[in-house]
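Here is the structure we will look at.
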There are 2 protein chains.
Amino acid sequence: MTRVRTNKPSEQRREEFLDAAEQLFMQQGYDSTSVNDLLKAVGLSKGAFYHHFDSKQAVLEALTDRMLTSFAPHIQGLIDDPALPALEKWRALMSQSNRWKLEHKDALLLQARAMHQGSNLKLRLTLTEKTRRLAVPLYAQLLAQGAREGVFDIEQPEATAELLFALLAAQGERITEILLAPDSAPEPVEACCQLLAASQQALERTLAAPAGSLPLADPALIAAWFE
Amino acid sequence: MTRVRTNKPSEQRREEFLDAAEQLFMQQGYDSTSVNDLLKAVGLSKGAFYHHFDSKQAVLEALTDRMLTSFAPHIQGLIDDPALPALEKWRALMSQSNRWKLEHKDALLLQARAMHQGSNLKLRLTLTEKTRRLAVPLYAQLLAQGAREGVFDIEQPEATAELLFALLAAQGERITEILLAPDSAPEPVEACCQLLAASQQALERTLAAPAGSLPLADPALIAAWFE
DNA sequence: TTAAATATACCGACCGTCGGTCTGTTTCGC
DNA sequence: GCGAAACAGACCGACGGTCGGTATATTTAA
């Protein structure tokens, strides 16, 4: 029962495996997806898989890298823009990411649901850790610029950037929680808006920025997330 | 080759398994510790294990619960104290926890090393998540009291408590990172102190508390952590 | 007082699945 | 047509978990 062989270049096969992995991990979670599941999805054998990847863990690494590297250059470009003031950059960052997220609302909700599956701890943690390592230097750069411009009053951009990321991540977690279980709160939209307000205030106070200068998301956008 | 049987009450056996689990998880990590390892350590059989626990995961749950519940009552009592002002409670909380941590320095360093093993993701995440659920309401209580007393200016104690926890957790992570790899930074003590200063400032600004009113740890204590 | 009956603690062979290895075969550029 | 890359799939040991059965403790009743 020899099947038809169509050898392809490494790069291409890797992408096929990663595509299958992305889909399966999002459906069943990382732990619950066996290597055999991947093989079946791609239609290849164990030998093929271990020819292109060292381990199952390597797939996770490659996949998380792929998920992040698409965003990086664009954001890096925005942060590096020598013409834009820090506050403008922040607003651009937020509005762009808010718009993009809303456009991909359904896919993101599915992803969030998948990520909170318990069989996806590794994927989730790997992703947030890589996001952190990617985002913190950018935040630090933005904070330093703001401090130079006099709109922020902070002594240590790097340390503060870490806290900023932690704050935003925590806020995102809480909002996702409500989004995934809207019935847990009596007024989910209201709850999210309060969370956002608290985060924004904490943020602005921490950076000693003028109140209202670091918007996160307006209530209309939140409402749109609940259909 | 029937081995000698010594039946014991459930409670006691569970504790024996949990003791073994605690030790083994700290040495090899959760994933790398097999149920058979536990059996060997306790000197019992598979049947015995699955008589007392539903699954390996159940051991993790029970263990993390046990690790946390010992602290809870004491802290709860401190927070509930009707006589102490909020700022006093904060200082007491910090000094007590700092003192306790320093006293258990070696054990905590070992634990931190174990927790960052990669084969301990589940244990680590479960523990921090349970800590969060335990700590956030207490923080919220403290923040509300402070707001009532006029030393804090915050609108939403619950949301702010979440941010507070995230901030402290992130700071703890970064300091632990330096502590476990002191050679990564040129001046580890200095780096920790800067992190602490940034956190304290962020904290005080977020709560609109007077500068210096929410101390975290003094440089002498940090120095003590690096021998 | 003790023997039967029941409940609980425990044993260990066994099972399916998993990630990973190994030996061999096919494909393809040169 | 040759050598290397791409692939096939049988195989391996370890894992978490199950199951039928046994030993011990406790209650019940004669």
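Chain identifiers are assigned alphabetically (A, B, ...) following the order of the sequence lines, protein sequences preceding nucleic acid strands; residue numbering begins at 1 within each chain.
Contacts of H116(A) classified as ring pair (Phe, Tyr, Trp, His ring centres under 6.0 Å), with partners at least two apart in sequence or in another chain: none. Considering only residues two or more places apart in sequence or on other chains, P182(B) meets the side chain to side chain contact (heavy atoms under 4.5 Å, CB included) condition with P188(B), F226(B). Among residues two or more places apart in sequence or in another chain, the side-chain hydrogen bond (donor to acceptor under 3.5 Å, both in side chains) test is passed with Q111(B) by none. Residues satisfying the side chain to side chain contact (heavy atoms under 4.5 Å, CB included) criterion with S32(B), sequence neighbours excluded, are Q28(B), S119(B).
In this entry the distance linking NZ of K40(B) with P of dC10(C) reads 20 Å, nearest Å. One can place CG of L38(B) at 11 Å from P of dG17(D), the figure rounded to the nearest angstrom. Taking atom CD on E11(A) and atom P on dA5(D), their separation rounds to 16 Å, with Å as the unit. Distance CD (Q12(A)) to P (dC28(C)): 13 Å, rounded to an integer number of Å. Atom CZ in F53(A) sits about 18 Å away from atom C1' in dT21(C), given to the nearest Å. Atom CG in L39(A) sits about 14 Å away from atom C1' in dT21(C), given to the nearest Å.
Between R13(B) and dT8(C) there is no side-chain polar atom (N or O) within less than 4.0 angstrom of OP1 or OP2.
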Under 3.5 Å, which protein N or O atoms sit close to an N or O of nucleotides 18-20 of chain C? Give each pair with its distance.
unit_1: dG19(C); atom_1: OP1; unit_2: K56(A); atom_2: NZ; d: 2.7
unit_1: dG19(C); atom_1: OP2; unit_2: V35(A); atom_2: N; d: 2.8
unit_1: dG20(C); atom_1: OP2; unit_2: Y50(A); atom_2: OH; d: 3.1
unit_1: dG20(C); atom_1: OP2; unit_2: K56(A); atom_2: N; d: 2.8
unit_1: dG20(C); atom_1: N7; unit_2: K46(A); atom_2: NZ; d: 3.2
unit_1: dG20(C); atom_1: O6; unit_2: K46(A); atom_2: NZ; d: 2.4

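For H51(A), the listed nucleotide lying nearest its side chain is dA6(D); candidates were dA9(C), dA6(D), dC11(C).
Classified by interplanar angle (parallel below 30°, tilted 30° to 60°, perpendicular above 60°), the ring pair Y139(A)/W90(A) is tilted.
For residues 31-50 of chain B, every residue pair satisfying the ring pair (Phe, Tyr, Trp, His ring centres under 6.0 Å) rule, not counting sequence neighbours, is listed here: F17(B)-F49(B), F49(B)-F53(B).
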